[in-house]
Amino acid sequence: MKKLFVGAALLSMSSFSFAAETGPGCGLGSQFFKGQSGVMSHVLAATTNGSSGNQTFGMTSGTMGCNSSQTIQLASLYMDTNVDRVAADMARGEGESLNALAELIGVASEHKSDFNRLLKTNFGQVFNSSDTSSREAIDNILALMQDDEVLKVYVS
Amino acid sequence: MLKLSFLLYLLLISNLVLATTSSTNQSLQSLAQSSQWQRLLHYNLSSAFRHESEVDDRRFFLSDNGKYSSVDELIVSIKKLQSDPQAKCQFPARYEWLARQLNWPLTNIFEECAELNEWYHKIDANFVTLAFPASYMNSPSSMFGHLFLRVDSREQENNLLAYSINYGANVENDDNSFTFTYKGLTGGYPGTVSVLPYYEKVKEYNDIENRDIWEYTLNLNAAETRRMILHIWELKNIQFDYYFVDENCAYRILSLIEVARPSIDVLKFFYTRAVPSDVVKRLEDSGIFSTIRFRPSLATELQQSLEQLSEVERNWVLLLHDDISFIDSPSFQQLSVTKQAKILEVATYWLRFNLADAPESQSRRDHGYQYLLARSKIDLDSPLNPVKAPTYRSDQGHDTFHLSLGMLERATESFASILFRPAYHKLTDPLAGYLEGAQINFIETELLINNDLELSLNALTLLDLISVTPRDEFFSPLSWSVKVGVERLPSSNFKSALFALSNAGAGVSYGSPKSQFYIMGVFQALNNDEQLTSTAVQLGARSGWLLYGDESQSWLEFESLVDTSRAQFDQKKLKLSHSLNLSTHHALNFHFERIKLDTFYYSEAGVYYRYFM
């Protein structure tokens with residue numbers, strides 16, 4: 001049990017130990033529409049109802065190994081897990097998962113529709129190709145917001 | 001005279017002292033027995049007739065005897081919580097409650113508890129919601145569903161960003177399924193409470209396991225919420241022995257809710273078994289739910305959106321899946337933008353659904369990217385209607401403990417039948433709140449009484465699981481069944497005997513969930529040391545039709561098995577079972593079987609009254 005906890009802490013830290021080369025997003029990120037090979041791993045997870053290597057107690061480790069703000073770290077972490085849902089919402093221009101990203105970045109509710117519209121119109125810039133990682137997507141989103149009159153206030 | 005009055009004086013003083021001590025003792029006793037203290041320390045009668053704490057971790061107790069004595073733990077807690085700041089920071093819920101009972105200071109008490117403060121303010125609890133992911137057929141322990149909590153903060157607008165509080169077993173991944181079953185049933189795994197972002201649980205349950213989630217918000221007041229959250233802090237890294245049947249997630253989450261509101265007092269109904277849907281029912285009766293929401297799984301979203309497509313649109317989804325280049329074709333581009341949007345959205349749902357158990361594929365990712373890029377160019381809100389929640393929630397079905405009384409005619413003999421089953425649901429039981437085509441039977445026992453009032457065991461089924469789900473172009477589930485138990489079969493000399501039976505089947509089903517036709521290959525092994533020199537191994541097939549009416553369930557099945565070692569157990573069985581639902585917890589069942597065993601034919605017909613409680 002102790003091993004699991006220590007391992008989990010290390011795991012969560014190591015995924016963010018790569019400093020940003022370009023853009024403020026944290027970590028390596030995860031692949032878009034990634035297959036989950038290994039049915040047994042999630043079947044076993046289901047049988048234990050919630051025990052996996054990433055057990056934590058809601059405490060973020062002090063540093064995630066990158067220099068960005070807490071906001072961007074949290075947004076990157078969220079995007080890692082949810083890149084598929086966020087991308088699907090983004091293409092539609094609406095959705096709960098996209099709203100959660102906006103909230104994490106700090107976009108006020110009166111600007112949510114601007115946020116949604118900006119990303120939908122520029123989908124191809126957020127996701128350049130099917131190989132775009134969640135980390136690159138965050139970088140691209142922040143860059144787009146920087147250039148937008150209304151939304152740049154959230155990334156300055 | 002002086003001596004006498006001195007003696008009297010001594011007597012008076014000692015009586016007074018004794019009286020004070022015993023009244024202090026009495027008040028300590030009543031404090032230790034109070035429902036709040038009992039719940040904070042998790043003392044229950046659940047374990048082996050002894051009143052002790054369910055926590056199996058030394059670090060949870062301030063007294064050496066804390067696990068076994070609520071009074072000892074109280075006495076030592078009173079001392080240490082006042083003198084040791086570290087103890088106070090570790091057990092804030094205990095401190096606050098004792099402070100109120102014993103008039104200790106209550107302002108700025110946790111000033112020096114840096115970690116606690118950081119965590120508490122991050123959680124920033126406003127509402128607590130109970131989350132109930134419904135059952136998922138392909139995984140044994142998940143079939144009963146699961147319960148966990150979600151804590152919604154004041155600032156939060158989006159539930160995905162809430163924290164979830166989860167209790168589960170820490171399993172070594174390399175345990176095989178038998179070890180897992182054994183350890184899970186006997187407390188061989190430690191269970192701990194963990195705190196994770198809700199969006200991770202939603203992804204796990206909705207997207208990967210395709211389980212719908214029912215969300216029940218609790219109407220706890222600020223003090224109750226605070227007490228629960230502080231208590232969760234007290235449980236950080238604390239181990240409980242995890243027992244799959246009784247001290248499982250449902251039981252533990254209920255115990256957390258009772259820490260917040262001890263007056264609910266329903267934990268005592270779950271000492272021997274805790275089934276999530278039963279826990280939810282009791283909580284609902286206690287009036288603790290305010291709003292209830294439905295969060296559909298990816299499979300449900302896919303199913304309901306497919307229903308909104310025309311045949312042409314469905315064909316487009318299939319076509320794009322096979323050959324993505326059609327997305328640029330004039331025939332696709334000429335479709336109305338609404339149609340294109342629908343097709344692309346459903347194609348995306350289907351692709352995401354398939355991700356759950358498929359290896360990494362560049363081609364699939366390219367498809368997904370093309371769908372989304374094309375969809376982003378269509379300036380339209382989603383033309384699909386939102387998912388409709390089912391009429392009956394997973395906690396609104398029949399109760400899980402089952403009793404059946406009936407009359408049975410077998411060949412020429414008549415019997416009265418008594419059947420009972422602690423869990424869970426048969427194919428012909430009232431469907432509301434349960435999955436179509438899913439059967440989970442545990443420890444079903446049937447006793448027969450003949451005309452001479454002799455009692456005999458007809459069947460003891462340890463496990464009887466069935467999953468039939470229809471296939472179509474979008475879903476290709478495996479239909480399967482597993483049965484292990486003891487059954488009475490007529491043997492060659494016309495006297496019946498009990499045989500140990502193991503049966504497994506796998507196959508396919510077609511149709512719709514409410515009316516499906518299935519066929520499975522079957523393997524069966526029969527054993528009886530007296531009747532058989534060796535295990536009879538049978539191979540064959542079973543095929544049937546399952547029909548769900550508005551208030552009825554019907555099941556017709558034909559099974560044919562060939563005994564590979566001798567003809568004695570060549571078996572053909574035609575079975576018809578029809579149930580009429582009288583209400584949520586009452587049904588009438590008609591059962592007919594025509595059986596051929598080797599060269600011996602017989603029929604069975606029965607009428608049963610089924611009651612759920």
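Keep in mind that the numbers below use all heavy atoms, side chains included, and drop hydrogens, waters and symmetry copies. Chain naming here is simple, since letters A, B, ... match the order of the sequence lines and numbering starts at 1 in each. Since we're looking at a predicted model, the values are computed, not measured.
Residue Asp379(B) places its CG atom among 12 or fewer non-hydrogen atoms of other residues, nucleotides or ligands, all under 6.0 Å distant. Within 6.0 Å of CD on Glu149(A) lie no more than 12 heavy atoms contributed by other residues, nucleotides or ligands.
No side-chain heavy atom of Glu200(B) sits under 4.5 Å from any side-chain heavy atom of Asn82(A). Annotation: side chain of Lys112(A) is in contact with side chain of Glu157(B) (closest heavy-atom distance under 4.5 Å). The closest side-chain heavy-atom distance from Asn354(B) to Phe33(A) is not below 4.5 Å. Counting heavy atoms from C-beta outward, Arg85(A) and Asn206(B) have side chains that approach closer than 4.5 Å. Side-chain contact between Phe123(A) and Leu372(B) is present, with at least one heavy-atom pair separated by less than 4.5 Å. In this structure the side chain of Lys120(A) never reaches within 4.5 angstrom of the side chain of Lys377(B), judged on heavy atoms. Side-chain contact between Lys34(A) and Arg365(B): absent, with no pair of heavy atoms (C-beta onward) separated by less than 4.5 Å.
Aromatic ring centres of Tyr199(B) and Tyr78(A) lie closer together than 6.0 Å.
When atom types are taken as modelled, the side chain of Tyr369(B) and the backbone of Thr132(A) share no donor-acceptor pair closer than 3.5 angstrom. The backbone N or O of Ser382(B) lies less than 3.5 Å from a partner atom in the side chain of Glu94(A), making a donor-acceptor pair. Without hydrogens or angle criteria, Glu103(A) side chain to Asn158(B) main chain gives a donor-acceptor distance under 3.5 Å.
What you find for Ala88(A) and Thr348(B) is that their closest heavy atoms are CB-CG2, 4.2 Å. Between Thr81(A) and Lys203(B), the shortest heavy-atom distance links the atoms O-NZ, 2.8 Å.
There is no contact between Asn122(A) and chain B, counting heavy-atom distances below 4.5 Å. Of the two parts of Ile123(B), neither the backbone nor the side chain holds a non-hydrogen atom closer than 4.5 Å to a non-hydrogen atom of chain A. Contact annotation for Tyr371(B): neither backbone nor side-chain heavy atoms come within less than 4.5 Å of a heavy atom of chain A. Interface remark: Asn128(A) contributes backbone atoms only to the contact with chain B (heavy atom separation under 4.5 Å). Both the backbone and the side chain of Ser97(A) have a heavy atom closer than 4.5 Å to some heavy atom of chain B.
Rounding to the nearest 0.5 Å gives a distance of 9.5 Å between CG of Asp84(A) and CG of Leu298(B). How far CD of Gln370(B) is from OG of Ser130(A): 8.5 Å, rounded to the nearest 0.5 Å.
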